[in-house]
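Each remark here refers to the structure printed beneath this line.
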Amino acid sequence: MHPGEVITRLALTAAVLAVIAVSPVVWVAAPVALVAIAATAELAVRPYADDPAGRLLLACGAVVTGLILAGLALNLLPEGLTRLTWALAWLAISVAVLIWRRHSATDLSWLRNLGRSGRALALGAWMVAAVVILAGAVVLAQAGVRNWDRRPDLAFSVVSRTPRAVVVQIQATSTTRRYQIVATRQGQAAGHYTSPFFTVAAGGSGIQLDKQVPLGASGQWIIDLQADGTTVRKLQVVMGRAQ
């Protein structure tokens, strides 16, 4: 492979990492990622197809499969599946493909005979279909992961209290789930409160909900935030005297 082609491919792959690292909007990152991914995929499948249309089909299948496998692998790592880790994974894949196909130089001589062969229209249709598939895969990959600083988060705290009730606050980020608040009084004269179910639908920018919990007697109370019958957050409140 010519050194100029190696440099161009590496620069294109590094550009994907650069635009994702600075967190641009999807319409900026997606075209750059589309070109870089298409170039890497074509190089990887080149020996397995003799004609351009066959390469396009194989490249589309390889990209979709690669994105799925990379997402599954990243989801098992401590850093999780984020836009930045996805970009780093694709950088590693691109470099590996470049090393693997280092003896395969790009040849565009078939373009000179395309018009005379009468296949220009058919190839153009294949290219449009490939671009649509690849663009969809890239956009879904970009939209399906969260920014590295927007990991799922859930906080549960008491923000105010009266002699017979407290107000609890739920702060959530990148979380959508159905919850219920359950308060139980500790001791012999037990008391109980169960709230109606409510849904917390928090995007990347986060959401904050305040819920009033009536506690009609003094003593120690345990307030649970439950999801599907399982306690995910717990508070301890003492009513009638200072905590």
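In this chain, numbering begins with 1 at the start of the sequence shown.
- Judged by distance alone, with hydrogens and angles left aside, the side-chain atoms of Gln169 form no donor-acceptor pair with the main-chain N or O of Val167 at under 3.5 Å.
- Using a 4.5 Å heavy-atom cutoff, the side chains of Val200 and Phe198 are in contact.
- When atom types are taken as modelled, the side chain of Ser94 and the backbone of Ala92 share no donor-acceptor pair closer than 3.5 angstrom.
- The heavy-atom pair separating Ala201 from Thr176 by the smallest distance is CA-OG1, 3.8 Å.
- Contact annotation: the side chain of Leu215 never approaches that of Arg185 to less than 4.5 Å [non-hydrogen atoms, C-beta and beyond].
- In plain terms, the two heavy atoms of Ala172 and Ala202 that are nearest each other are O-CB, 3.4 Å.
- Side-chain contact check for Phe156 versus Val232: every heavy-atom pair is 4.5 Å or farther apart.
- Listed here is the closest heavy atom pair of Met239 and Thr162: CE-O, 3.3 Å.
- The shortest heavy-atom contact between Pro214 and Gln212 is CD-O, 3.7 Å.
- Summarising the geometry, atom CD belonging to Gln220 is positioned 11.5 Å from atom OG1 belonging to Thr184; distances are rounded to the nearest 0.5 Å.
- How far CG of Leu225 is from CD1 of Ile181: 6.0 Å, rounded to the nearest 0.5 Å.
- Here the OH-CZ distance, from Tyr179 to Arg233, works out to 7.5 Å after rounding to the nearest 0.5 Å.
- Placement of Leu98 and Ile7 in two distinct hydrophobic clusters is found when ILVMFWY residues are connected by side-chain heavy-atom separations under 4.5 Å, directly or transitively.
- Distance OG1/Thr231 to CG/Asp224: 3.5 Å, rounded to 0.5 Å.
- Thr40 is listed as a side-chain neighbour of Trp90, based on a closest heavy-atom distance under 4.5 Å.
- Contact check for Ile222 versus Val182: no side-chain heavy atoms found under the 4.5 Å cut-off.
- Counting only heavy atoms from C-beta outward, the side chains of Ile170 and Leu154 approach each other to under 4.5 Å.
- Contact detail for Arg161 and Val166: the closest heavy-atom pair is CB-CG1, 3.7 Å.
- For the pair Gln180 (side chain) and Ser195 (backbone), a donor-acceptor distance under 3.5 Å is present.
- Counting heavy atoms from C-beta outward, Val168 and Val159 have side chains that stay 4.5 Å or more apart.
- Atoms OG1 and CZ, on Thr199 and Arg178 in that order, are 6.5 Å from each other to the nearest 0.5 Å.
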